[in-house]
Amino acid sequence: MTQETHDQDRWSAVDAYVTDLLCPADEALTAALAASDEAGLPQIAVAANQGKLLHLLARIQGARTILEIGTLGGYSSIWLARALPEGGRLVTLEYSPAHAEVARRNLARAGLEAVAEVRTGAALDTLPELEAEGAGPFDLVFVDADKKNNPHYVEWALRLTRPGSVIVVDNVVRGGTVLDTGTADEATRGTRDMFDLVARDPRLDATAFQTVGTKGYDGMLVARVVS
């Protein structure tokens, strides 16, 4: 067994321990993952303890309106939508019509079809539509879509939020490749550009943290809109 394999096994075991104690799965969450697997979606949904983190951030924030950029099968959408109070609303954007349909079924199974709206299409097309409709301001935005466009998604998040809103961006460490200044990888370059944008924008107060677990070595960025 290599050290890397040993580390991954240990990380996954700790995730399982934490999840079993603090964020056990229920029928709707388990079914959402199973339906996503059956439909052939990539297994890149947030881990259960990360879903619970998003849920708690939304609850702590007192969010009544949430925007999610990147739906996949709706697993994280369920965690977020369940944090909303009565009358709250989640809008989640998904590029793939097939993925969006899986997500809609998963949200309906969880009893959240009246709370969560799944919009299909490229987010950089649907975000201007939201702005034109006067949607928002959103209290929390979760960005977990194609990483090359992360800077654009954060810019749009700023347009659709208010002072006091929270923006969360997933997969910002990328196994440490975020340090690679000369990388040709578009996802890493987009993530680095996003960090540069957040660092220089006076409207944002942010930090990022590294994570290990069932999803490997990665991390999240959390920012508060201050002006």
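Here, residue 1 is the first one in the sequence, and each next residue gets the next number.
- From Lys52, atom NZ reaches atom CG of Leu29 across 10.5 Å, with rounding to the nearest 0.5 Å.
- Residues Val172 and Phe195 come closest through the heavy atom pair O-CE1, 3.4 Å.
- Annotation for Arg162: atom CZ counts as buried by contact number, over 12 foreign heavy atoms lying within 6.0 Å.
- In this structure the side chain of Gln61 never reaches within 4.5 angstrom of the side chain of Leu57, judged on heavy atoms.
- The OG1 atom of Thr126 sits 10.0 Å away from the CD atom of Glu94 when rounded to the nearest 0.5 Å.
- Comment: Arg104 engages Glu101 in a salt bridge, judged by a side-chain N to carboxylate O separation of less than 4.0 angstrom.
- In this structure the side chain of Arg119 reaches within 4.5 angstrom of the side chain of Leu130, judged on heavy atoms.
- Considering every non-hydrogen atom in both Val141 and Ala157, the closest pair reads CG1-CB, 4.0 Å.
- A heavy-atom distance below 4.5 Å is found between the side chains of Met194 and Leu221.
- Asn49 pairs with exactly one of Leu22, Leu21, Thr19, Thr211 by the side chain to side chain contact (heavy atoms under 4.5 Å, CB included) rule, that one being Thr19.
- In the hydrophobic clustering of this structure, Leu80 does not group with Val225; members are Ile, Leu, Val, Met, Phe, Trp, Tyr whose side-chain heavy atoms approach within less than 4.5 Å, directly or through other members.
- The aromatic rings of His55 and Trp79 sit perpendicular, their planes meeting at an angle over 60°, well past the 30° parallel limit.
- Of the residues listed (Asp170, Val166, Ile69, Leu90), the one engaging Phe142 in a side chain to side chain contact (heavy atoms under 4.5 Å, CB included) is Asp170, and it is the only one.
- Across every non-hydrogen atom of Arg59 and Ala83, the tightest pair is CD-O, 3.2 Å.
- Judged by distance alone, with hydrogens and angles left aside, the side-chain atoms of Ser165 form a donor-acceptor pair with the main-chain N or O of Phe138 at under 3.5 Å.
- Each of Val102 and Leu93 belongs to its own hydrophobic cluster when Ile, Leu, Val, Met, Phe, Trp and Tyr are linked at side-chain heavy-atom distances under 4.5 angstrom.
- Note that the OG1 atom of Thr191 and the CG atom of Asp196 stand 11.0 Å from one another [nearest 0.5 Å].
- Side-chain atoms of Thr30 never come within 3.5 Å of backbone atoms of Glu27 as a donor-acceptor pair (strictly under, hydrogens ignored).
- Using a 4.5 Å heavy-atom cutoff, the side chains of Thr161 and Arg203 are not in contact.
- For the pair Gln8 (side chain) and Gly213 (backbone), a donor-acceptor distance under 3.5 Å is present.
- Ala135 and Leu160 get closest at one heavy-atom pair: O-CD2, 3.9 Å.
- Under the 4.5 Å side-chain heavy-atom criterion for ILVMFWY residues, a single connected hydrophobic cluster contains both Val118 and Leu112.
- Counting non-hydrogen atoms of neighbouring residues, nucleotides and ligands closer than 6.0 angstrom, the CD atom of Glu131 exceeds 12 such neighbours.
- Formation of a donor-acceptor pair under 3.5 Å by the Asp26 side chain with backbone atoms of Ala28 is found in this model.
- In terms of hydrophobic clustering, with Ile, Leu, Val, Met, Phe, Trp and Tyr side chains grouped at heavy-atom distances under 4.5 Å, Phe209 and Val14 are assigned to different clusters.
- The structure places CZ of Arg174 at 6.5 Å from CG of Asp218, a figure rounded to the nearest 0.5 Å.
- Hydrophobic clustering (side-chain heavy atoms under 4.5 Å, transitive across Ile, Leu, Val, Met, Phe, Trp, Tyr) groups Leu124 together with Ile167.
- Using a 4.5 Å cut-off on side-chain heavy atoms (C-beta onward), Tyr153 and Leu127 make contact.
- Scanning both residues, Ala223 and Leu204, for their nearest heavy atoms gives CB-CD2, 4.1 Å.
- Asn150 is not listed as a side-chain neighbour of Asn171, based on a closest heavy-atom distance of 4.5 Å or more.
- The shortest side-chain heavy-atom distance between Leu107 and Glu113 does not fall under the 4.5 Å cut-off.
- Each of Thr92, Val143, Leu54 was evaluated against Glu68; a single residue qualifies, Thr92, per the side chain to side chain contact (heavy atoms under 4.5 Å, CB included) test.
- A donor-acceptor pair under 3.5 Å is absent between the side-chain atoms of Gln210 and the main chain of Val173, judged by distance alone.
- With values rounded to the nearest 0.5 angstrom, Trp156 atom CH2 is found 11.0 Å from Leu67 atom CG.
- With no hydrogens or angles considered, no side-chain donor-acceptor pair links Asp180 and Thr183 at under 3.5 Å.
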Thr71 vs His99, test: side chain to side chain contact (heavy atoms under 4.5 Å, CB included). Steps then yes/no.
CA-CA 8 Å; Thr71 314; His99 294 183; over 6 Å; no

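- The line from CZ of Arg192 to CG of Asp185 is 12.0 Å long, rounded to the nearest 0.5 Å.
- Checking side-chain atoms of Asp139 against main-chain N and O of Arg64 turns up a donor-acceptor pair under 3.5 Å.
- With a 4.5 Å cut-off on side-chain heavy atoms, Ser77 and Ile66 do not count as touching.
- Nearest approach of Asn106 to Gly73, heavy atoms of both residues: ND2-O, 2.7 Å.
- A donor-acceptor pair is defined here as one N or O able to donate and one able to accept, closer than 3.5 Å; no such pair exists between the side chain of Ser76 and the backbone of Ala45.
- For the pair Arg105 and Glu38, the salt-bridge criterion is not met [side-chain N within less than 4.0 Å of a carboxylate O].
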